[in-house]
Amino acid sequence: IGGGAFRGLRSLSAVISHINTPFNISSNVFVIDENWNSQTQKYDYTPSSATLYVPIGSTSSYKAIEGWTMFADIVEGDYNEIEIDNITYSYSESTLTAVVIGSNFSDYNQNVTIKNSVTINGVDYEVKSIGAGAFIDNGRISSLIVSSGIETIAQSAFQSCWNLKSVQLPSSLTTIGNSAFQSCNNLRKIEIPSSIDSLGNYAFANCGNLLYVTSHIQTPFNINGSVFCSSSYWSGGTQVFEKNTATLYVPEGTKSAYEAIDGWNMFAEIVEGEMTEETIDGIIYSYNSSTQTATVVGSDFSEHRKVTI
């Protein structure tokens with residue numbers, strides 16, 4: 001397979017390889033983009049957002065060759081595709097697993113629940129992941145509930161879902177991939193479950209209306225400065241990440257630990273304790289019981305009226 005043979009295919013969601021013994025290929029065969037890094041004197045690659053499907057028992061062989069690792073995920077087993085209730089799944093009859101890979105909603109303001117299992121031809125398939133780019137650029141989703149049992153939200157899964165306003169993530173979730181919720185400009189708040197152990201680059205970057213992030217992680221781990229940045233730019237060969245204007249709420253006694261990690265200190269403020277929302281007389285407040293402070297974050301008026309804050 002020649003160098004750059006499938007480079008730049010941003011809408012690619014799946015690649016199925018029937019090669020039992022993978023051979024060496026160039027690192028740029030399947031990448032979305034490549035850029036020369038003058039500091040390292042090497043190319044930086046943007047991996048494909050697709051999932052690579054490989055024969056049973058061959059994953060380790062594929063992962064040993066860089067060119068075959070340039071995917072959001074590598075999955076063993078056969079590949080089939082089906083649409084159920086406007087959500088598209090890929091599934092493997094050999095492993096009885098399914099992955100959410102897309103949708104076909106015709107109406108706007110959809111309230112979407114990703115279930116942890118799906119029945120196909122009378123057989124139950126376990127759903128543990130939302131695939132790379134599954135809902136990318138989808139303006140029809142307004143709310144998202146990810147059911148318990150889901151472990152992975154892959155690269156760019158909900159990137160640029162401009163109408164997405166609320167997201168509920170389960171305690172089973174361990175991985176949020178690169179750019180998973182990047183540029184979701186109507187997303188106002190997000191809760192990071194304590195189960196998370198991997199946050200990809202730009203996972204929540206450029207979410208322009210994000211007001212607060214609540215992290216339930218007791219011991220914060222290292223993350224890239226891009227994860228929550230409001231924007232980024234290059235200056236003198238160095239990438240600069242702009243701080244988010246949102247407030248980060250963290251567990252009691254962990255503020256200093258969060259402040260010590262570059263990726264987590266990309267917020268306007270870090271506050272210990274829980275954040276709660278309440279609507280009073282049509283005005284939406286977020287408040288923190290530990291600090292006994294409240295912030296006006298929105299409104300819910302049904303008619304024109306004079307407002308006093």
Side-chain angles (χ1 to χ4, degrees), residues 9-20 30 47-60 62-63 68-106 110-138 140-141 143-159 161 164 167-181 193 195-198 200 203:
L9 301 181
R10 295 179 180 272
S11 297
L12 193 66
S13 62
V15 172
I16 302 98
S17 174
H18 299 286
I19 302 169
N20 285 297
F30 294 101
S48 172
S49 59
T51 297
L52 173 65
Y53 291 83
V54 300
I56 297 291
S58 67
T59 298
S60 59
Y62 276 90
K63 286 185 175 180
W68 290 107
T69 64
M70 293 292 173
F71 292 91
D73 197 11
I74 299 178
V75 176
E76 289 189 358
D78 50 310
Y79 177 89
N80 302 279
E81 199 173 292
I82 192 170
E83 183 181 308
I84 300 174
D85 295 332
N86 296 314
I87 294 179
T88 306
Y89 301 85
S90 66
Y91 65 97
S92 169
E93 294 177 342
S94 55
T95 63
L96 294 181
T97 57
V99 177
V100 176
I101 61 169
S103 64
N104 187 31
F105 298 115
S106 57
Q110 294 289 326
N111 300 314
V112 175
T113 298
I114 305 297
K115 299 178 181 179
N116 58 19
S117 67
V118 61
T119 302
I120 302 171
N121 298 325
V123 178
D124 290 334
Y125 288 76
E126 189 175 26
V127 179
K128 287 190 174 183
S129 64
I130 302 171
F135 298 89
I136 190 170
D137 294 324
N138 192 320
R140 289 174 167 78
I141 303 173
S143 71
L144 170 69
I145 297 174
V146 180
S147 298
S148 178
I150 305 294
E151 298 175 355
T152 300
I153 298 177
Q155 176 177 318
S156 301
F158 296 94
Q159 183 177 354
C161 288
L164 184 60
V167 172
Q168 183 177 319
L169 302 177
S171 59
S172 58
L173 194 67
T174 61
T175 301
I176 299 176
N178 294 344
S179 302
F181 292 93
S195 54
I196 291 291
D197 58 27
S198 178

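Values below: all heavy atoms of this structure, side chains included; hydrogens, waters and symmetry mates excluded.
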*Validation row: Ile74, Trp68 side chains within 4.5 angstrom (heavy atoms)*: no

*Just how far is it from atom OG of Ser143 to atom CD of Gln168, taken to the nearest 0.5 Å?*
9.5 Å

_Looking at Asn80 and Tyr91, would you say the former's side chain and the latter's main chain have a donor-acceptor pair under 3.5 Å?_
yes

*Going by atom types alone, do Tyr53 and Ser90 pair a side-chain donor with an acceptor below 3.5 Å?*
yes

Which atom pairs, donor and acceptor, lie under 3.5 Å between side-chain atoms of residues 113-130 and protein residues at least two apart or in another chain?
{"residue": "Asn116", "atom": "ND2", "partner": "Ser148", "partner atom": "O", "Å": "2.7"}
{"residue": "Thr119", "atom": "OG1", "partner": "Asp124", "partner atom": "OD1", "Å": "2.6"}

*Looking only at atom types and distance, does a side-chain atom of Glu76 sit under 3.5 Å from a main-chain N or O of Thr59, one as donor and one as acceptor?*
yes

_Is it true that, when you exclude Asp85 itself, more than 12 heavy atoms of the residues, nucleotides or ligands shown sit nearer than 6.0 Å to its CG?_
no

*Which heavy atom of Asn138 sits nearest a heavy atom of Ile141, and at what distance?*
OD1-N, 3.7 Å

_Residue pair Phe71 / Ala50: nearest heavy atoms and the distance that separates them_ = CB-O, 3.6 Å

*Drop me the distance from Tyr62's OH to Thr69's OG1, to the nearest 0.5 angstrom.*
13.0 Å

*Quick one: pull up CG in Leu12 and OG1 in Thr51 and give me the separation to the nearest 0.5 Å.*
9.5 Å

*Any side-chain heavy-atom pair from Ile87 and Val112 closer than 4.5 angstrom?*
yes

Identify each donor-acceptor pair in which a side-chain atom of residues 172-181 lies under 3.5 Å from a protein atom, sequence neighbours left out, and give them as a table.
{"residue": "Ser172", "atom": "OG", "partner": "Gly149", "partner atom": "N", "Å": "2.7"}
{"residue": "Ser172", "atom": "OG", "partner": "Ile150", "partner atom": "N", "Å": "3.4"}
{"residue": "Ser172", "atom": "OG", "partner": "Ile150", "partner atom": "O", "Å": "2.8"}
{"residue": "Thr174", "atom": "OG1", "partner": "Glu151", "partner atom": "O", "Å": "3.2"}
{"residue": "Asn178", "atom": "OD1", "partner": "Asn201", "partner atom": "N", "Å": "2.8"}
{"residue": "Ser179", "atom": "OG", "partner": "Gln182", "partner atom": "OE1", "Å": "2.7"}

*Distance-only, no hydrogens or angles: does the Asn20 side chain make a donor-acceptor pair with backbone N or O of Pro55 under 3.5 Å?*
no

*Report the distance from atom CZ of Phe135 to atom CG of Leu164, rounding to the nearest 0.5 Å.*
10.5 Å

*Roughly how far apart are Ile16 CD1 and Asp78 CG, rounded to 0.5 Å?*
10.5 Å

*If you look at every heavy atom in Gly131 and Ala157, which pair is closest and at what distance?*
O-CB, 3.7 Å

*Rounded to the nearest 0.5 Å, how far does OG of Ser92 lie from CD1 of Ile56?*
6.0 Å

*Heavy-atom pair with the smallest gap, counting every atom of Ser195 and Pro170*: OG-O, 4.0 Å

*Are the side chain of Ser103 and the backbone N or O of Phe105 linked by a donor-acceptor pair below 3.5 Å?*
no

